Structure formats: C-alpha cells, structure tokens
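These notes concern the structure reproduced below.
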Amino acid sequence: MYELGARKFACLSLIPLGYLPISRTFGGGFQRNSVEWLTQAAVKFNSKLEHELNHLNSSLPGTRILYIDIYNPLVDLIQNHKKYGFEDSSHGCCGTGLIELNYGCNELLSSFTCSNSSSHVFWDAGHPSERAYRMIISQVVHNISHQLLDV
Ligand SMILES: *[C@@H]1O[C@H](CO)[C@@H](O)[C@H](O)[C@H]1NC(C)=O
Ligand SMILES: *[C@@H]1O[C@H](CO)[C@@H](O)[C@H](O)[C@H]1NC(C)=O
C-alpha cells in the first residue's frame with residue numbers, strides 16, 4: 001500500500017476475544033467465565049501489532065500510522081457495564097445470547113431476542129451493540145484526537 005502511494009493508515013487492535021459471549025459459551029465452563037488464554041492471545045497480538053506499527057511508522061518516510069486501541073475501551077465497558085448503564089455484558093441481545101452470530105440472528109429468533117439492545121454490551125454472541133460501539137468510538141476519538149490533528 002505504501003508503494004502505491006498510501007501514507008495515512010489507522011489500524012484497529014484485536015478485541016478481548018475471551019470476553020465474547022460465544023467464547024464464554026464454548027470455553028468458559030458451566031459458569032460461562034471469560035476465557036483467559038484467548039484474552040491473553042489478544043493482548044500478546046496487540047502488543048506485537050503496536051510495536052510493528054510504530055516500527056513501520058518510523059521506517060517508512062512520510063507515513064502516519066495510528067494504532068487504535070479498541071481492546072481497553074471494550075474491556076472497560078464489559079467489566080464496568082453497570083457503571084455505563086448496561087444490564088448485561090455476557091450474553092448477546094439477539095436470540096438466546098449464547099451462540100447466535102451474524103445471519104444466525106434473524107426473525108426466527110425474535111421471541112428470544114431482548115427487547116432493548118441498549119441494555120446489552122453485545123448485540124450478538126460476537127459483536128458489540130450499537131450503544132456499546134458508540135461509547136467505544138467516542139473514547140477512541142478522544143484518545144487519538146491529538147494524533148489526528150496533525151495527521
Ligand atoms: C510517526 O512518525 C511521525 C513522523 O513521521 C511522528 O511525528 C509520530 O510521532 C510517529 N508516531 C508514532 C506513533 O510513533
Ligand atoms: C434501553 O436501555 C437504555 C440503557 O439502559 C435506556 O437508557 C433506555 O431508556 C431503554 N429504552 C427503552 C425503550 O426502554
């Protein structure tokens with residue numbers, strides 16, 4: 001992409017994989033605990049990604065490469081969900097909240113689906129709800145605004 005002329009990049013971190021409802025369902029035992037090894041894998045990946053992006057940023061002349069941390073804002077929402085007005089951070093709103101993803105969330109499940117997705121951190125078993133996304137994005141924009149100003 002650099003060779004083709006691109007100079008401004010923004011790259012998102014991985015999310016805390018072990019906290020996704022689907023990870024809890026398949027890896028968290030009867031209690032649906034968060035899955036520590038998956039979360040640690042994301043932490044390790046993010047630290048290498050950030051390191052590599054900083055390296056590229058300084059080795060490719062004239063580029064600005066931003067590492068955008070969405071891991072920490074999402075962990076904060078999940079762990080302190082009550083503080084942010086969410087009732088649930090371990091189930092998706094859609095369907096049973098345990099395993100449904102993407103097209104698995106459809107009208108056939110509407111009788112199980114929660115009535116207010118804003119009360120859930122997760123919309124489905126793998127993706128945050130619109131309200132959670134909005135909160136993450138406002139924190140991200142706040143965190144990187146000083147870097148965006150001179151991009
Ligand atoms: C990226 O490089 C620019 C100079 O090209 C520098 O101003 C900026 O601080 C660097 N960003 C990071 C995250 O290292
Ligand atoms: C949905 O939940 C949010 C967050 O708890 C709350 O602010 C909002 O009033 C609720 N909406 C309805 C229609 O109950």
Side-chain angles (χ1 to χ4, degrees), residues 1 6 8-54 56-57 63-151:
M1 289 169 79
K8 294 171 183 169
F9 302 87
C11 187
L12 296 184
S13 72
L14 265 188
I15 57 176
L17 298 174
Y19 286 93
L20 301 180
I22 196 161
S23 304
R24 293 179 185 272
T25 300
F26 289 114
F30 287 120
Q31 311 250 341
R32 298 183 71 250
N33 294 317
S34 72
V35 183
E36 188 59 23
W37 71 268
L38 264 180
T39 304
Q40 284 313 314
V43 168
K44 206 180 246 184
F45 177 88
N46 284 341
S47 126
K48 291 183 177 195
L49 178 66
E50 185 172 16
H51 183 268
E52 182 60 24
L53 293 177
N54 285 337
L56 282 176
N57 183 61
T63 35
R64 300 307 303 271
I65 304 182
L66 296 183
Y67 167 76
I68 299 185
D69 173 26
I70 54 171
Y71 176 97
N72 286 298
L74 185 51
V75 169
D76 183 39
L77 279 194
I78 293 166
Q79 291 183 338
N80 305 303
H81 63 274
K82 291 252 155 44
K83 183 175 109 188
Y84 297 105
F86 293 99
E87 283 160 27
D88 188 307
S89 68
S90 63
H91 301 84
C93 167
C94 135
T96 63
L98 301 174
I99 56 169
E100 297 87 350
L101 286 172
N102 301 323
Y103 299 113
C105 285
N106 54 48
E107 62 273 19
L108 297 176
L109 294 167
S110 57
S111 55
F112 297 102
T113 295
C114 76
S115 59
N116 182 0
S117 67
S118 296
S119 64
H120 280 58
V121 174
F122 288 96
W123 156 245
D124 68 12
H127 302 93
S129 61
E130 179 173 343
R131 178 156 173 263
Y133 272 123
R134 285 182 190 279
M135 295 175 93
I136 293 166
I137 283 306
S138 66
Q139 203 178 324
V140 162
V141 169
H142 173 81
N143 290 346
I144 65 172
S145 54
H146 63 286
Q147 295 174 78
L148 289 175
L149 287 178
D150 50 22
V151 161

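Every number for a ligand or one of its atoms is a count from 1 in the order of the listing. From a predicted model like this one, the values you see are computed outputs, not experimental measurements.
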Is atom 7 (O) of ligand 2 in close reach of the protein, with a heavy atom under 4.0 Å away? no
Lys/Arg-Asp/Glu bridge criterion (N-O < 4.0 Å) met for E52, K48: no
S118 neighbourhood, listing ligand 2 atoms whose heavy-atom distance to it stays under 4.0 Å: 1 (C), 2 (O), 3 (C), 4 (C)
Will you find, in the side chains of N72 and D69, an N or O donor that is under 3.5 Å from an N or O acceptor? yes
Acceptor/donor pairs from residues 10-30 side chains to any protein atom, 3.5 angstrom cut, sequence neighbours excluded:
| residue | atom | partner | partner atom | Å |
| --- | --- | --- | --- | --- |
| S13 | OG | I70 | N | 2.9 |
| S13 | OG | Y71 | N | 3.2 |
| Y19 | OH | Q79 | NE2 | 2.8 |
| S23 | OG | L17 | O | 2.7 |
| R24 | NH1 | R32 | O | 3.1 |
| T25 | OG1 | P21 | O | 3.0 |
| T25 | OG1 | R32 | NE | 3.3 |
| T25 | OG1 | R32 | NH2 | 3.1 |
| T25 | OG1 | L98 | O | 2.7 |

Show me the pairs that pass salt bridge (charged side-chain N to carboxylate O under 4.0 Å, His left out) and involve residues 81-104, at least two apart or across chains. none
For R131, is at least one N or O under 3.5 Å away from an N or O on ligand 2? no
Tell me yes or no: between the side chains of H127 and D124, is some donor less than 3.5 Å from an acceptor? yes
of all protein heavy atoms, closest to atom 5 (O) of ligand 2 is G85 O, 3.1 Å
Any heavy atom of E87 sitting closer than 4.0 Å to ligand 2? no
Closest protein heavy atom to atom 13 (C) of ligand 2, given as residue, atom name and distance to 0.1 Å: N116 ND2, 4.5 Å
